[in-house]
Amino acid sequence: MAWTWRFEKSDGTETEPALQPEEFTTQGDAESWIGEYWKELLDGGADQVTLFDDTTKIYGPMSLRAEQGEPSEAAAGEA
């Protein structure tokens with residue numbers, strides 16, 4: 001299994017991330033990475049993210065905007 005993020009604009013269109021992540025082997029690794037780099041991703045033009053396990057959507061879109069809580073906090077409540 002490979003856990004991956006889809007990076008999106010606020011309208012849901014896919015965008016290239018400012019930082020290119022790896023494919024993660026666990027959901028926790030993917031969520032830790034987004035929790036560490038969400039500000040850089042937001043500054044680079046991504047407004048929201050969606051988490052996938054291979055081709056299965058796990059959750060999202062999840063905003064990267066700080067006023068809605070840090071993604072690591074939001075992800076913990078949704079996982």
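Using a 4.5 Å heavy-atom cutoff, the side chains of F7 and P21 are in contact. E16 places a side-chain heavy atom less than 4.5 Å from the side chain of Q20.
Rounding to the nearest 0.5 angstrom, the gap separating the CD1 atom in I34 from the CH2 atom in W5 is 5.0 Å. Atom CG of D29 and atom CD of E23 lie 13.0 Å apart (nearest 0.5 Å). Atoms CH2 and CD, from W38 and E40 in turn, are 9.5 Å apart once rounded to the nearest 0.5 Å.
The aromatic rings of W33 and F24 sit tilted relative to each other, their planes meeting at an angle between 30° and 60°.
Judged by distance alone, with hydrogens and angles left aside, the side-chain atoms of K39 form no donor-acceptor pair with the main-chain N or O of L42 at under 3.5 Å.
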TODO: Mind running side chain to side chain donor-acceptor pair (under 3.5 Å) on D11 and T13 for me, showing each step along the way?
DONE: CA-CA 6 Å; D11 65 3; T13 57; 2.7 Å; yes

Which pairs of donor and acceptor atoms, one on a side chain in residues 43-53, lie under 3.5 Å apart (sequence neighbours left out)?
unit_1	atom_1	unit_2	atom_2	d
D47	OD1	R65	NH2	2.5
D47	OD2	S10	N	2.9
Q48	NE2	E8	OE1	2.8
Q48	NE2	K9	O	3.4
T50	OG1	E8	OE2	3.4

